[in-house]
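A short write-up of the structure that comes next.
Each chain gets a letter, A, B and so on, in the order its sequence line appears, and its residues count up from 1. The figures here come from the full heavy-atom set of this structure, side chains too, leaving out hydrogens, waters and symmetry mates.
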Number of protein chains: 2
Amino acid sequence: MSGAGVNLLGLRSHNTALVLDLLRGAGAGGISRLELAERTGLTPQAVSKITGRLREEGLAAEAGRRASTGGKPRTVLRLVPEAGHAIGVHLDRDELRAVLVDLRGTVVAERRTELDLGAGADAVLTSVAAEVAALVTEVVTEAAEAAEAAVLTGGAPGGGDAVARTLLGVGVALPGPLDHAHGVLHRVTGYPEWDGFPLRDALAARLGVPVVVDKDTNAAALGLALGGAGGSFAYLHVGTGLGAGLVIGGGVHRGARTGAGEFGHQVIQLDGPPCGCGDRGCLEALCLTAVARGDLAEAARVLGAGAANLVGLLDIDRVLLGGRTVAGAAGAFVSGVATVLAARARREGVAGGAVPVAVAPGGARAIAEGAAQLVLAPVFGRAG
Amino acid sequence: MSGAGVNLLGLRSHNTALVLDLLRGAGAGGISRLELAERTGLTPQAVSKITGRLREEGLAAEAGRRASTGGKPRTVLRLVPEAGHAIGVHLDRDELRAVLVDLRGTVVAERRTELDLGAGADAVLTSVAAEVAALVTEVVTEAAEAAEAAVLTGGAPGGGDAVARTLLGVGVALPGPLDHAHGVLHRVTGYPEWDGFPLRDALAARLGVPVVVDKDTNAAALGLALGGAGGSFAYLHVGTGLGAGLVIGGGVHRGARTGAGEFGHQVIQLDGPPCGCGDRGCLEALCLTAVARGDLAEAARVLGAGAANLVGLLDIDRVLLGGRTVAGAAGAFVSGVATVLAARARREGVAGGAVPVAVAPGGARAIAEGAAQLVLAPVFGRAG
DNA sequence: CCACTTTCGCAACACTGTTGCCAAAGTGCA
DNA sequence: TGCACTTTGGCAACAGTGTTGCGAAAGTGG
């Protein structure tokens, strides 16, 4: 069924998460209590109570004042980023990238090593565990060094130790398909030996902290959603494969069996050239062969057709492109996709014009950052 | 942004709607308090309070008892269908169909007349107003006649008068595209003169009751969602055009500009035959020309390809087919679409097998019934 | 210096779902 | 028939939510 009953505890969690999300969205600039009240629809007094609790818990703090508008100036509140941390791990076919981020999503530390995703579960788990441990100790060392220089500035003590205490969990992103709800891998493309492996539970047992597992495209999309991209959008990833992450209503749409976002094997050319998946005329096959023969314009046009199908079906606000292939020729892909979408908008006569297209910001680290957001999202009520 | 703050009033509405939805779903058989508690996650005492309020308001009533399981037998509660009514109007190109339904969605009265959707706003509005008025008085008359025969049985008095008092509103379904949020029509296919017409407000002013406007496919999908089809599904409508209604999380997904569900102009054959919309290779063009030349197998295969794209993208539970064309050859369409989806499931190796396909129940009246549900849905927390 | 505006917290309040308890209404066995 | 037991479900007291009324604090502008 759709929803469950809500009690007073649930009510509080919901409103607290909402306020935290707005604090996060405001960034270092902060946001005033009255603005929080306007945005949430709660009364100022309710916001005061909620922010009071958050300040007691150390999650929020005062950060100066706004200019007066004729009376007492508004006090600005901000999220305390160091109050919580998360680690995001991006497992790719040949490399492992891990980041430690704070509550605001800012990367505090980063590591990268080579990895063979086909080396077996134990080897990969060991690698992940080593990198996670290294990330925390790395911060300890850095913090110790920084402390020597910053004794007089009154910087917060603790360093890596404090990070370990505030570590909310580890998020892992890797190529799908997989079952996000249970944290079990399916037939990861190219590595059938992973089929059925309970990655989440295995890693959680090893690390002793909560673990969340999701597809790389979903992680990237979530990272973008929490990184400022409001509204609904589709993140289209063009790399060795072609996938999508859908953000609807602030959270990632994963579908009934958490398999949503299979964008690459959308048939776009009935009875077209065969695809590795066994079907014919898949978007992925058409797009990647065009890329292989250097015809980026055609690749972008094909990708645009798929994007247009998606936009029409879901009526989303924006399309964001990412992945190695896009990064190599951003202009060609953006303009090619935009052209198709603009033509669609002209035909439809849609008010407000075509759906905008852009390259997803974040670069090569985006997926690892998004993986960390898998852990942080529930704190801000973005559990999807 | 995604969500708004919730206060105690909102909390109560939510839980009340949840309980009403479960009561509705249980049908005439009813449901016990403890079962409601289990399904909602609320405590039995909270459910007792909520159902107590509902009984005071006349929305719920006791309906016998279950067999004892060793102790005091459970009291069964049921929705009181006559406590609320809604009218659903289906405007098609050449006919107007209107139904009066009770809270449970059961059709109490029905009317049908010819209509020229191109006859101008005033003529159409007059027609709708006349049918709506006739529906209510029709019930008055029937109830009066029935009352004579049922004086001794103690049937509820009032008849049509009571219906008028409990009328929650009128839902109108018609071919899109349109803006559901504002109740304004766009370029209704074939009738450009409707572009920009504020149908909802114009009709609400005329009738004096709340009016909701939506696409016919969304209405049909909502009717199916409230008519017992749980989970997420896509309703694919094949008539003079080809559209889809998407149900995700119990409610209809309409998208940012409430234009979602544009299934027919999904490009499925790049650079294929031209479509009326100006693009090439649209699903609608391929499917309908196949139908026109009598090749139902090909039409079903094409439809199946589109359905498979949709299933992969959103990971939905089920596909339901409807519309005049499907009704004419249900077997061919269902098996054709099912074949494509089964092939997809085999390739993916999905646990649980292929997404099931079926003909949507309800027949020609389904869209009008769904239109009525547009009004009832908020009562049951299905506002989408 | 004072009137005015605006922010924001304290206290009392209305209302939510929860807990503890007990009466009611069955079953099953001696 | 009587009694122990199980299960349902309401009453009363309770903890905790957001709301309202009001006043202190902190500015601006004349």
Side-chain angles (χ1 to χ4, degrees), chain A residues 3-23 26 30-57 60-78 381, chain B residues 3-23 26 30-57 60-78 381:
Chain A
V6 176
N7 57 19
L8 288 157
L9 223 96
L11 182 74
R12 179 167 80 169
S13 309
H14 174 90
N15 287 340
T16 304
L18 216 61
V19 168
L20 278 172
D21 196 35
L22 289 171
L23 285 171
I31 185 171
S32 72
R33 288 184 182 79
L34 280 174
E35 207 174 334
L36 286 171
E38 284 169 22
R39 300 278 287 271
T40 57
L42 298 172
T43 59
Q45 187 57 28
V47 171
S48 269
K49 279 194 180 179
I50 294 169
T51 54
R53 279 200 305 265
L54 291 176
R55 285 195 307 166
E56 270 191 17
E57 295 165 17
E62 294 197 350
R65 318 194 141 178
R66 288 238 192 287
S68 167
T69 59
K72 178 175 178 177
R74 299 183 175 182
T75 312
V76 174
L77 299 172
R78 65 173 180 85
Chain B
V6 177
N7 56 22
L8 288 157
L9 222 96
L11 182 75
R12 179 167 79 169
S13 309
H14 175 90
N15 286 341
T16 304
L18 215 63
V19 169
L20 277 172
D21 196 36
L22 289 171
L23 286 171
I31 185 171
S32 71
R33 285 184 184 79
L34 281 174
E35 208 173 334
L36 286 171
E38 283 170 23
R39 300 277 286 272
T40 56
L42 297 172
T43 59
Q45 186 57 26
V47 170
S48 270
K49 281 193 180 180
I50 293 169
T51 55
R53 279 201 304 267
L54 290 176
R55 285 195 306 165
E56 267 189 20
E57 295 166 17
E62 296 198 347
R65 319 192 139 179
R66 291 239 191 286
S68 166
T69 60
K72 179 175 177 178
R74 300 183 175 183
T75 311
V76 174
L77 299 172
R78 65 173 179 86

Can you see which heavy atom on A/P73 is nearest to which on A/A67, and at what distance? CB-C, 4.4 Å

A/G30 versus A/A26, closest heavy-atom pair with distance: O-CB, 3.5 Å

If you assign each of A/N15 and A/T69 to its closest nucleotide in DNA chain D, which residue comes earlier from the 5' end? A/N15

Hey, which of these two, B/L34 or A/V47, hits DNA chain D nearer its 5' end, going by closest nucleotide? B/L34

Describe the nucleic acid contact of [X] in one word from base, sugar-phosphate, nothing, applying a heavy-atom distance below 4.0 Å.
{"X": "B/T75", "result": "sugar-phosphate"}
{"X": "A/R66", "result": "nothing"}
{"X": "B/P44", "result": "nothing"}

Say you draw a straight line from [atom1] of [X] to [atom2] of [Y]; how long is it, rounded to the nearest 0.5 Å?
{"X": "B/T16", "Y": "B/D21", "atom1": "OG1", "atom2": "CG", "result": "12.0 Å"}
{"X": "A/S32", "Y": "A/E38", "atom1": "OG", "atom2": "CD", "result": "7.5 Å"}
{"X": "B/R33", "Y": "B/L77", "atom1": "CZ", "atom2": "CG", "result": "4.5 Å"}

For DNA chain C, what string of dots and brackets results from 5' to 3' when Watson-Crick and G-U pairs need both distances under 3.5 Å, crossing pairs get [ ], and pairs with another strand get |? ||||||||||||||||||||||||||||||

Under the salt bridge (Lys or Arg N to Asp or Glu O under 4.0 Å) rule, collect the residues that match up with A/R78, sequence neighbours excluded. none

Examine [N]: is either OP1 or OP2 under 4.0 Å from a nitrogen or oxygen in the side chain of [X]? Give yes or no.
{"X": "B/R33", "N": "D/dG10", "answer": "yes"}
{"X": "A/N7", "N": "C/dT16", "answer": "no"}
{"X": "A/T43", "N": "D/dT19", "answer": "yes"}
{"X": "B/S48", "N": "D/dG10", "answer": "yes"}
{"X": "A/S68", "N": "D/dA26", "answer": "no"}
{"X": "A/R12", "N": "C/dT16", "answer": "no"}
{"X": "B/R74", "N": "D/dT7", "answer": "no"}

Whole-Å distance between [N] [atom2] and [X] [atom1]?
{"X": "B/E35", "N": "D/dG9", "atom1": "CD", "atom2": "P", "value": "11 Å"}
{"X": "B/E62", "N": "D/dG10", "atom1": "CD", "atom2": "C1'", "value": "12 Å"}
{"X": "B/L54", "N": "D/dG10", "atom1": "CG", "atom2": "C1'", "value": "16 Å"}
{"X": "A/L36", "N": "C/dC8", "atom1": "CG", "atom2": "C1'", "value": "13 Å"}
{"X": "B/I50", "N": "C/dC15", "atom1": "CD1", "atom2": "P", "value": "16 Å"}

With a 4.5 Å limit on heavy-atom distance, are the side chains of [X] and [Y] in contact?
{"X": "A/L8", "Y": "B/L8", "answer": "yes"}
{"X": "B/R74", "Y": "B/L34", "answer": "yes"}
{"X": "B/T40", "Y": "B/I50", "answer": "no"}
{"X": "B/V76", "Y": "B/R65", "answer": "no"}

Classify the side chain of A/Q45 and the base of D/dC22 as holding, or not holding, a donor-acceptor pair under 3.5 Å. no

Side-chain donor/acceptor contact of B/K49 with base of C/dG17 under 3.5 Å: yes

5' precedence on DNA chain C between B/L8 and A/P73 (nearest-nucleotide basis): A/P73

Among the nucleotides D/dG9, C/dT18, D/dG18, which one has an atom lying closest to any side-chain atom of B/L42? C/dT18

Nearest to the side chain of B/R55, which nucleotide is it out of D/dG10, D/dT17, C/dG17? D/dG10

Distances for protein N or O near nucleotides 1-3 of chain C N or O, under 3.5 Å:
none

Testing B/V19, B/I31, B/L20 one by one against B/T51 for a side-chain contact (heavy atoms from CB on, under 4.5 Å), which residue passes? B/V19

